[in-house]
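Note that these values count all heavy atoms, side chains included, but never hydrogens, waters or copies made by symmetry. Order of appearance sets the numbers: ligands from 1, and atoms from 1 within every ligand.
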Amino acid sequence: MEKIVSLAKRRGFVFQSSEIYGGLNGCWDYGPLGVEMLNNLKQQWWRAMTYREDVEGVDASILMHPRVWEASGHVENFTDPMVDCKQCKARYKLDILFDELSVKKKKEILRELEPGKFEGQIKDDRVIEEFEKRLERAPEMVHLLSCPNCGNKGTFTDARKFNLMFKTFVGPVEDSSAVVFLRPETAQGIFVNALNIQSASRQKVPFGIAQIGKAFRNEINTKNFLFRTREFEQMEMQFFVKPGSDDHWFEYWRSERMGWFEKLGLRKERLRWHQHAPDKLAHYAKIAYDVEYQFPFGWGEIEGVHNRTDYDLSRHQQFSGKSMEFFDEESKGKFIPYVIETSAGASRSFMAFLVDSYHEEEAPTGEGGMEMRVVLRLNPKLAPTKVAIFPLVNRDGMPETARKIEADLRPLIRVFYDESGAVGRRYRRQDEVGTPYCVTVDSQTLQDQTVTVRDRDSMRQDRVNASQLRTYLTEKLLS
Ligand code: GAP
């Protein structure tokens, strides 16, 4: 992971936010290559989700009426239990404190909790299982933990509920009547607009509404680069269906969403489904599955697929006093649809694609030896630069010809021109940022107007007539 974070910074994918001031925890900035790749990722999602007959798009505002978050249940339920160390004042999310305990520590806690019961040799699996079973005694167990920061034992406060929504104020007066929240999910902007969108677009159930946008959560523990941040982007779609057809649509969207990650190149063996246990379901969900990716630090959710039933629309009807019912053509009656939600993190998926594409491998040098090359085997659709153009040397008219090729391609695709250093080094620099093709103008070009096109993954070089280059590259990039 460290190598990827370092590459991301060095090559301009991702920087720490406000780095010159020491950074702001849980916030990251996307550099020139990062923003391009993130935009490509969002565009792929947008195309897959909205370039179809039954899904419309929306871009709702981040600030919404505060009653939205009462209706959605976020004011009451969007909380994490948290503890403070009375000694060093460090603050922790309770579940993370428990997750990060070693098996040895878990065994010690079990022994203290139930003296005499766990003496002698116990297998690791059994320790973990017995520990999990006792997690409902967390309020008691927290006082047996040591603080990871200062090492003191028994210094934690009782667990308290901590709401993850960021608060701010609208207007000049900072009193309780002016409180608004930064949205913790984009979904609510879809729910409150559902009927507007349905009537404006003349859609009939089943249909969906998709949105990409920023969401904010005051996470207690941010960690693992872009995985858990305080400001992030979501790509969410709510699909409105007739109650009774929800199980069918749930399975349909599950398959679509896993297929999307696979088609864009994430390795199948690093993807899996995780079903939420009934006692771990979000307050709005009847059933939920996460798409998980195997990051270097372990499996982590990149997208959630939820059956949210009629929870959100019913609650908005109740809290706003406005009907959220849809008209049913068949029965000529009204009903509140069920909602199947697909909710992907743009930033988390970005990180999964970055991690998945990172390879270190032996490659031949121009001098007949071998060297290590770092290559991002990104799907060309996601790659920030599609083609790099090099004159082999800076003379004999090669730069001029290369510049002509650049000018021809630039309106179509994102290209990069580089004339500095040995050509082998230029290839390596492009491999490292995932550029799928490098075009080199050499002495043969000046004789027969052909150029070499080098493929990033196979490192094979084809000779292509410069006049055919546009067609050759666009076919390759679009396939
Ligand atoms: N509307 C449903 C919802 O928000 P969620 O499981 O809390 O569900 C959906 O979030 C997705 O948003 C996650 O799968 C993840 O990719 C992303 N996400 C959630 N919290 C995040 C955070 N703190 N940092 C980065 N991404 C996050």
Q. Can you tell me the protein heavy atom closest to atom 14 (O) of ligand 1 and the distance?
A.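 I find the closest protein heavy atom is Glu301 OE2, 2.6 Å.
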Q: Measure the distance from atom 7 (O) of ligand 1 to every protein heavy atom, then report the residue, atom name and distance (to 0.1 Å) of the closest one.
A: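 Nearest protein contact, heavy atoms only, for atom 7 (O) of ligand 1 is Arg217 NH1, 2.8 Å.
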Look only at interatomic distance and state if [X] has a nitrogen or oxygen under 3.5 Å from any nitrogen or oxygen of ligand 1.
| X | result |
| --- | --- |
| Phe227 | yes |
| Ala344 | no |
| Ile302 | yes |
| Arg228 | no |
| His306 | no |

Q: Give a yes or no on whether Glu76 atom CD has more than 12 heavy-atom contacts from other residues, nucleotides or ligands under 6.0 Å away.
A: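 Open: at most 12 neighbouring heavy atoms sit under 6.0 Å from CD of Glu76.
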Q: For Lys123, look at atom NZ and say whether over 12 heavy atoms of other residues, nucleotides or ligands are found less than 6.0 Å away.
A: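 Counting neighbours around NZ of Lys123, 12 or fewer heavy atoms of other residues, nucleotides or ligands fall under 6.0 Å, so no.
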(Q) If the contact criterion is a heavy-atom separation under 4.0 Å, does Gln238 count as touching ligand 1? (A)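 Per 4.0 Å heavy-atom rule, Gln238 does not contact ligand 1.
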**Q.** Criterion side chain to side chain contact (heavy atoms under 4.5 Å, CB included) against Ser347, the qualifying member of Trp28, Phe227, Tyr30
**A.**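 The single option meeting the side chain to side chain contact (heavy atoms under 4.5 Å, CB included) with Ser347 is Tyr30.
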Does only the side chain of [X] get under 4.0 Å from ligand 1, or the backbone, or both, or neither? Count heavy atoms.
| X | answer |
| --- | --- |
| Glu231 | neither |
| Tyr284 | side chain |
| Gln234 | side chain |

(Q) Give me the atom names and distance for the closest heavy-atom approach of Phe98 to Lys106. (A)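 Closest approach of Phe98 to Lys106: O-CE, 3.7 Å.
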Q: Please name the pair of heavy atoms, one in Ile109 and one in Met141, separated by the smallest distance, quoted to 0.1 Å.
A: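 Scanning both residues, the minimum pair turns out to be CG2-CG, 4.3 Å.
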Q. For atom 26 (N) of ligand 1, which candidate among Met351, Arg348, Glu303 holds the nearest heavy atom?
A.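 Ranked by closest heavy atom to atom 26 (N) of ligand 1, first place is Arg348.
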**Q.** Selected option - heavy-atom contact closest to atom 9 (C) of ligand 1, from Gly304, Ala215, Ser343
**A.**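 Shortest heavy-atom distance from atom 9 (C) of ligand 1: Ser343.
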Q. Parallel under 30°, tilted from 30 to 60°, perpendicular over 60°: which one fits the rings of His74 and Trp69?
A.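 The arrangement is perpendicular - the two ring planes meet at more than 60°.
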Q: Would you kindly check if the NZ (Lys) or CZ (Arg) of Arg414 is within the cone defined by 45 degrees around the ring axis of Phe416 and under 6.0 Å from the six-membered ring centre?
A: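 Negative - Arg414 is either too far from the ring of Phe416 or too far off its axis.
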